[in-house]
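Heads up: the structure comes next, in C-alpha coordinates.
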Amino acid sequence: MLYNLMSRHETMPVESHHRHRLHRLALATPVLFFFPLMALGWNPIYPAVIAMAAGTGAAVWCRPDLLAKTFIGGILFLVFYAIFIVGLRITTPTYIEQVWNLPALSGILPAGIPVKELLFGGAFGLYWANVYEHLTWSKSSPLPKRDGV
(Lines give C-alpha, C1' and ligand atoms only; values in the text may rest on other atoms or scores of the structure.)
Protein backbone atom coordinates (compact mmCIF):
# COMPACT_ATOMS: atom_id res chain seq x y z
CA MET A 1 0.00 0.00 0.00
CA LEU A 2 1.17 3.51 -0.81
CA TYR A 3 0.29 6.43 1.42
CA ASN A 4 -0.26 10.02 0.36
CA LEU A 5 0.20 12.15 3.46
CA MET A 6 -1.07 15.35 1.84
CA SER A 7 -4.44 13.92 0.82
CA ARG A 8 -4.47 11.37 3.64
CA HIS A 9 -5.32 8.56 1.22
CA GLU A 10 -3.84 5.14 0.73
CA THR A 11 -3.66 3.09 -2.43
CA MET A 12 -4.77 -0.51 -2.10
CA PRO A 13 -5.42 -3.39 -4.50
CA VAL A 14 -8.89 -3.73 -6.00
CA GLU A 15 -10.67 -7.05 -5.89
CA SER A 16 -10.33 -8.80 -9.22
CA HIS A 17 -13.38 -9.55 -11.34
CA HIS A 18 -14.06 -10.90 -14.82
CA ARG A 19 -13.27 -7.58 -16.53
CA HIS A 20 -9.73 -7.48 -15.07
CA ARG A 21 -8.36 -9.46 -17.99
CA LEU A 22 -9.44 -6.67 -20.37
CA HIS A 23 -7.79 -3.70 -18.66
CA ARG A 24 -4.82 -3.55 -21.04
CA LEU A 25 -7.18 -3.54 -24.00
CA ALA A 26 -9.26 -0.81 -22.34
CA LEU A 27 -6.18 1.35 -21.84
CA ALA A 28 -5.05 0.75 -25.43
CA THR A 29 -8.44 1.73 -26.87
CA PRO A 30 -7.45 5.33 -27.74
CA VAL A 31 -4.57 4.10 -29.91
CA LEU A 32 -6.74 1.43 -31.53
CA PHE A 33 -9.33 4.08 -32.45
CA PHE A 34 -6.99 6.95 -33.34
CA PHE A 35 -5.08 5.48 -36.27
CA PRO A 36 -8.08 4.11 -38.21
CA LEU A 37 -9.90 7.44 -37.67
CA MET A 38 -6.85 9.34 -38.98
CA ALA A 39 -7.17 7.39 -42.22
CA LEU A 40 -10.44 9.26 -42.83
CA GLY A 41 -8.44 12.42 -43.52
CA TRP A 42 -10.04 14.45 -40.72
CA ASN A 43 -8.31 17.22 -38.81
CA PRO A 44 -6.31 15.24 -36.16
CA ILE A 45 -8.13 16.84 -33.25
CA TYR A 46 -11.38 15.02 -34.16
CA PRO A 47 -9.89 11.49 -34.14
CA ALA A 48 -8.02 12.36 -30.93
CA VAL A 49 -11.19 13.49 -29.12
CA ILE A 50 -13.17 10.47 -30.34
CA ALA A 51 -10.34 8.06 -29.49
CA MET A 52 -9.94 9.44 -25.95
CA ALA A 53 -13.71 9.37 -25.41
CA ALA A 54 -13.72 5.72 -26.52
CA GLY A 55 -10.79 5.05 -24.18
CA THR A 56 -12.68 6.66 -21.32
CA GLY A 57 -15.72 4.52 -22.04
CA ALA A 58 -13.64 1.34 -22.21
CA ALA A 59 -11.75 2.17 -19.01
CA VAL A 60 -14.94 2.91 -17.08
CA TRP A 61 -16.59 -0.22 -18.47
CA CYS A 62 -13.62 -2.24 -17.22
CA ARG A 63 -13.37 -0.33 -13.90
CA PRO A 64 -16.85 0.99 -13.05
CA ASP A 65 -15.61 1.89 -9.56
CA LEU A 66 -13.62 4.73 -11.19
CA LEU A 67 -16.62 6.47 -12.79
CA ALA A 68 -16.90 9.33 -10.28
CA LYS A 69 -13.13 9.89 -10.18
CA THR A 70 -13.04 9.89 -13.97
CA PHE A 71 -15.59 12.71 -14.21
CA ILE A 72 -14.06 14.72 -11.36
CA GLY A 73 -10.56 14.33 -12.82
CA GLY A 74 -11.79 15.19 -16.30
CA ILE A 75 -13.52 18.35 -15.13
CA LEU A 76 -10.52 19.42 -13.06
CA PHE A 77 -8.15 18.91 -15.98
CA LEU A 78 -10.48 20.81 -18.32
CA VAL A 79 -10.60 23.74 -15.86
CA PHE A 80 -6.79 23.81 -15.48
CA TYR A 81 -6.34 23.50 -19.24
CA ALA A 82 -8.78 26.35 -19.89
CA ILE A 83 -6.98 28.52 -17.31
CA PHE A 84 -3.69 27.77 -19.07
CA ILE A 85 -5.11 28.69 -22.48
CA VAL A 86 -6.70 31.88 -21.10
CA GLY A 87 -3.32 32.74 -19.55
CA LEU A 88 -1.71 32.15 -22.92
CA ARG A 89 -4.31 34.40 -24.52
CA ILE A 90 -3.66 37.16 -21.96
CA THR A 91 0.13 37.02 -22.07
CA THR A 92 0.40 36.54 -25.84
CA PRO A 93 -2.82 37.92 -27.35
CA THR A 94 -2.25 36.85 -30.98
CA TYR A 95 -0.64 33.44 -30.31
CA ILE A 96 -3.77 31.37 -30.92
CA GLU A 97 -4.49 33.07 -34.23
CA GLN A 98 -0.85 32.64 -35.33
CA VAL A 99 -0.42 29.00 -34.31
CA TRP A 100 -3.85 27.32 -34.51
CA ASN A 101 -5.35 26.67 -37.94
CA LEU A 102 -8.61 28.42 -37.05
CA PRO A 103 -10.20 28.12 -40.53
CA ALA A 104 -9.90 24.32 -40.23
CA LEU A 105 -11.78 24.39 -36.92
CA SER A 106 -15.40 25.26 -36.17
CA GLY A 107 -14.85 28.98 -35.57
CA ILE A 108 -16.53 28.75 -32.15
CA LEU A 109 -14.21 30.59 -29.74
CA PRO A 110 -15.55 30.87 -26.18
CA ALA A 111 -13.28 33.38 -24.36
CA GLY A 112 -11.11 33.33 -27.50
CA ILE A 113 -10.33 29.61 -27.06
CA PRO A 114 -11.13 27.22 -29.93
CA VAL A 115 -13.96 24.98 -28.69
CA LYS A 116 -12.21 21.97 -30.23
CA GLU A 117 -9.26 22.66 -27.95
CA LEU A 118 -11.59 22.55 -24.95
CA LEU A 119 -13.10 19.29 -26.21
CA PHE A 120 -9.60 17.87 -26.56
CA GLY A 121 -8.67 18.96 -23.03
CA GLY A 122 -11.88 17.51 -21.61
CA ALA A 123 -11.48 14.19 -23.43
CA PHE A 124 -7.83 13.92 -22.39
CA GLY A 125 -8.72 14.70 -18.77
CA LEU A 126 -11.48 12.09 -18.69
CA TYR A 127 -9.20 9.41 -20.11
CA TRP A 128 -6.11 10.30 -18.10
CA ALA A 129 -7.90 10.72 -14.76
CA ASN A 130 -7.97 7.01 -14.00
CA VAL A 131 -4.94 5.63 -15.83
CA TYR A 132 -2.73 5.09 -12.74
CA GLU A 133 -5.37 3.25 -10.73
CA HIS A 134 -6.38 1.31 -13.80
CA LEU A 135 -2.80 0.27 -14.63
CA THR A 136 -2.02 -0.77 -11.08
CA TRP A 137 -5.50 -2.23 -10.49
CA SER A 138 -5.67 -0.26 -7.27
CA LYS A 139 -7.92 2.34 -5.69
CA SER A 140 -7.45 5.26 -3.35
CA SER A 141 -9.39 5.41 -0.14
CA PRO A 142 -9.18 7.70 2.88
CA LEU A 143 -6.81 6.75 5.66
CA PRO A 144 -8.53 5.87 8.90
CA LYS A 145 -8.74 8.85 11.27
CA ARG A 146 -6.37 8.77 14.21
CA ASP A 147 -7.05 10.31 17.57
CA GLY A 148 -5.80 13.87 17.80
CA VAL A 149 -5.42 14.34 14.05
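Computed from a predicted model, the values in this text were never measured in an experiment.
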To the nearest 0.5 angstrom, please state how far the [atom1] atom of [X] sits from the [atom2] atom of [Y].
X      : Y      : atom1 : atom2 : value
Glu117 : Ile96  : CD    : CD1   : 8.0 Å
Thr92  : Glu97  : OG1   : CD    : 11.0 Å
Ile72  : Leu126 : CD1   : CG    : 11.5 Å
Cys62  : Leu27  : SG    : CG    : 7.5 Å
Met52  : Trp128 : CE    : CH2   : 11.5 Å
Ile85  : Ile90  : CD1   : CD1   : 12.0 Å

Fit a plane to each ring of Trp42 and Tyr46, take the angle between them on a 0 to 90° scale, and name the class: parallel (under 30°), tilted (30 to 60°) or perpendicular (over 60°).
perpendicular

Would you mind listing the cluster partners of Val31? Hydrophobic ones only (ILVMFWY), side-chain contacts under 4.5 Å, chaining allowed.
Phe34, Phe35, Met38

Co-membership, hydrophobic cluster, residues [X] and [Y], 4.5 Å side-chain:
X      : Y      : result
Tyr81  : Val131 : yes
Phe120 : Leu40  : yes
Ile108 : Leu88  : no
Phe84  : Ile45  : yes
Val79  : Val86  : no

Looking at residues at least two apart in the chain, or sitting in another chain, which of them share a side-chain contact (heavy atoms from CB on, under 4.5 Å) with Leu67?
Val60, Phe71

Heavy-atom closest pair, residues [X] and [Y]:
X      : Y     : value
Tyr127 : Gly55 : CD1-C, 3.6 Å
Ala129 : Gly73 : CB-CA, 3.7 Å
Leu37  : Pro47 : CB-CB, 3.6 Å
Pro30  : Ala51 : O-CB, 3.2 Å

By ring-ring contact (aromatic ring centres under 6.0 Å, His included), which residues pair with Phe33, not counting sequence neighbours?
none

Could you point out which residue of Asn130, Thr70, Thr29 forms a side-chain contact (heavy atoms from CB on, under 4.5 Å) with Thr56?
Thr70

Around atom CH2 of Trp100, are there more than 12 heavy atoms of other residues, nucleotides or ligands at under 6.0 Å?
yes

